[in-house]
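Working notes for the structure below.
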Amino acid sequence: AASPGGSQVPRYIRVNTLKTCVDDVIDFFKRQGYSYLGKAASVEELRALSGKKFLLDLHLPELLVFPPQTDFHDNLLYTSGHIILQDKASCLPAFLLAPAAGSHVIDACAAPGNKTSHLAAILKNKGQIFAFDVDTKRLATMNTMLMRAGVTGFQLAQQDFLTVDPGDPRYSKVTYILLDPSCSGSGMVTRGLREEPAPSAQRLQALAGFQRKVLSHALSFPALRRLVYSTCSLHQEENEDVVRAVLQEHGSAFRLVTAFPSWPCRGLATFPGAESCLRASPADTLTHGFFVAVLERGGEEAAAPS
Ligand code: SAM
């Protein structure tokens, strides 16, 4: 079932650094009558937010935090693509993939594209993003969103990622992959809407089968160095179990690296090293329910954000 307590999750705003900077957005909201309280020191401070007050997030440098009921859909900064309304947990995958400017990146299941636009901001629009999705409607939304956000240097394809050929010379320089596949969505908070029933064991099994296939496929890209696997599911079957099975299948070619060492909530200890993964939830991190694993090709550890 969807997580309870969704109405307590703050409104997070990611500053789109392709168009503006954090200081200018803070000034804008101050002029709109909001009081800026500085950088939060704890999740408790985020929890205590109320009225027309806002904070800078303690974990993510370009994230502003407002009280839960704040609505910015009509705000000029939103309609002009200067800010992105994106839950904090959903900002973790691109942040932790941390592709270097100039690199080639695949966003394997990309629509509606919030993480793609975040990747482009991290790349400073320098490099190449290959984004795939199967859903035409979501791809249309994504195209509009990426234009509004000022994203350039991306190729958007309506294609099943499982049919994308890792041997195609177009992808020979792809060193980073973000994989955020379809999942049960059991971590999504509903903000007062009716809760979804829990997924059946059969549906979970089907989803996990797809997730294993798509993760294994992603790991077969020859130049890949780092991959982030994420879901908005709370189910071990779609998270730790998928990572464990695929790592086993690939022998010692890839390993888990500790995602965000200072993040308080870790992967379920279902196999040695599972704590390298991270989890998020309304109760513990004041976000949607989420899971992130960071995998790197065996050998030297690349620099990752702490
Ligand atoms: N990463 C997106 C974002 O941050 O906006 C959200 C992605 S959503 C969780 C999963 C997406 O995977 C859906 O848009 C779905 O259409 C797409 N999808 C499902 N099967 C796929 C496949 N075989 N190849 C590519 N995309 C697929």
Side-chain angles (χ1 to χ4, degrees), residues 11-25 28 57 60-64 72-161 164 168 170-171 173-182 218 221 223-230 232 290 292 305:
R11 169 63 68 193
Y12 294 100
I13 280 184
R14 178 167 63 76
V15 173
N16 178 12
T17 53
L18 292 174
K19 289 210 155 177
T20 182
C21 62
V22 172
D23 286 347
D24 285 358
V25 173
F28 175 89
D57 185 57
L60 294 165
E62 280 131 21
L63 202 66
L64 297 174
F72 288 122
H73 284 90
D74 295 327
N75 192 281
L76 179 67
L77 286 191
Y78 173 65
T79 54
S80 63
H82 286 64
I83 59 171
I84 314 283
L85 305 181
Q86 187 170 356
D87 181 62
K88 175 171 172 174
S90 121
C91 295
L92 292 170
F95 177 74
L96 293 173
L97 189 62
S103 40
H104 288 199
V105 183
I106 284 180
D107 191 346
C109 298
N114 278 338
K115 297 182 190 75
T116 318
S117 93
H118 194 190
L119 285 171
I122 292 167
L123 290 167
K124 302 189 168 69
N125 265 340
K126 295 189 183 84
Q128 186 62 243
I129 301 178
F130 302 97
F132 302 95
D133 205 283
V134 286
D135 187 318
T136 321
K137 235 173 116 181
R138 287 166 73 97
L139 280 168
T141 310
M142 174 162 176
N143 207 35
T144 311
M145 201 278 279
L146 293 183
M147 296 311 236
R148 192 166 64 190
V151 176
T152 59
F154 67 94
Q155 288 178 26
L156 200 53
Q158 188 198 0
Q159 189 176 348
D160 176 345
F161 177 65
V164 177
D168 188 325
R170 267 182 293 186
Y171 312 122
K173 291 196 222 154
V174 169
T175 44
Y176 298 91
I177 296 183
L178 193 151
L179 178 60
D180 184 41
S182 297
F221 281 71
L224 180 68
R225 295 207 334 247
R226 180 150 64 216
L227 175 144
V228 166
Y229 172 79
S230 60
C232 57
F290 221 78
V292 184

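Residue numbers count from 1 along this sequence.
When all heavy atoms are compared, the tightest approach of K19 to G81 is CD-O, 3.8 Å. Listed here is the closest heavy atom pair of L224 and A218: CD2-O, 3.6 Å. The two residues R138 and P112 have their closest heavy-atom pair at NH2-CD, 3.4 Å.
Side-chain contact between T116 and V151 is absent, with no heavy atoms from C-beta onward closer than 4.5 Å. Counting heavy atoms from C-beta on, the side chains of C21 and V15 never come closer than 4.5 Å. Contact check for F290 versus P93: side-chain heavy atoms found under the 4.5 Å cut-off. L85 has its side chain within reach of H73: a pair of non-hydrogen atoms, C-beta onward, lies under 4.5 Å apart. When side chains are defined from C-beta on, S80 does not count as touching R148, because their heavy atoms never get closer than 4.5 Å. Between Q159 and V134, the closest side-chain pair of non-hydrogen atoms is not below 4.5 Å.
Residues meeting the salt bridge (charged side-chain N to carboxylate O under 4.0 Å, His left out) test with R170, sequence neighbours left out: D168. Here T144 pairs with nothing under the side-chain hydrogen bond (donor to acceptor under 3.5 Å, both in side chains) rule; sequence neighbours left out. Scanning for side-chain hydrogen bond (donor to acceptor under 3.5 Å, both in side chains) contacts around Q86 gives R14, S90, with sequence neighbours left out. Partners of Y176 under the ring pair (Phe, Tyr, Trp, His ring centres under 6.0 Å) rule, at least two apart in sequence or in another chain, do not exist in this structure. Residues meeting the ring pair (Phe, Tyr, Trp, His ring centres under 6.0 Å) test with F72, sequence neighbours left out: F29, F66. Listed by chain and residue number, K88 satisfy the side-chain hydrogen bond (donor to acceptor under 3.5 Å, both in side chains) test with D57 (two or more places apart in sequence, or in another chain).
Atoms CG and OG, from L178 and S230 in turn, are 5.5 Å apart once rounded to the nearest 0.5 Å. Here the straight-line distance linking atom CD1 of I83 with atom OH of Y78 works out to 9.0 Å at 0.5 Å rounding. Rounding to the nearest 0.5 Å places CD1 of I13 at 8.0 Å from CG of L77. Rounded to the nearest 0.5 angstrom, L227 CG and I106 CD1 are separated by 10.0 Å. Annotation: the span from I177 atom CD1 to H104 atom NE2 amounts to 13.5 Å, rounded to 0.5 Å.
For the pair N16 (side chain) and I84 (backbone), a donor-acceptor distance under 3.5 Å is absent. Side-chain atoms of T20 never come within 3.5 Å of backbone atoms of T17 as a donor-acceptor pair (strictly under, hydrogens ignored).
Each salt bridge (Lys or Arg N to Asp or Glu O under 4.0 Å) pair with one or both residues in residues 90-117, not counting sequence neighbours, appears once here: K115-D180. Within the structure, salt bridge (Lys or Arg N to Asp or Glu O under 4.0 Å) contacts touching residues 127-137 (residues at least two apart or in different chains) do not occur.
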Which side-chain N or O atoms in residues 94-101 pair as donor and acceptor under 3.5 Å with protein atoms at least two apart or in another chain?
none

Which pairs of donor and acceptor atoms, one on a side chain in residues 118-132, lie under 3.5 Å apart (sequence neighbours left out)?
from, atom 1, to, atom 2, distance (Å)
N125, OD1, T152, N, 3.0
N125, ND2, G150, O, 2.9
N125, ND2, T152, OG1, 3.4

Self-check item: Trace of the side-chain contact (heavy atoms from CB on, under 4.5 Å) decision for V164 with Y171
Solution: CA-CA 9 Å; V164 177; Y171 312 122; 3.4 Å; yes
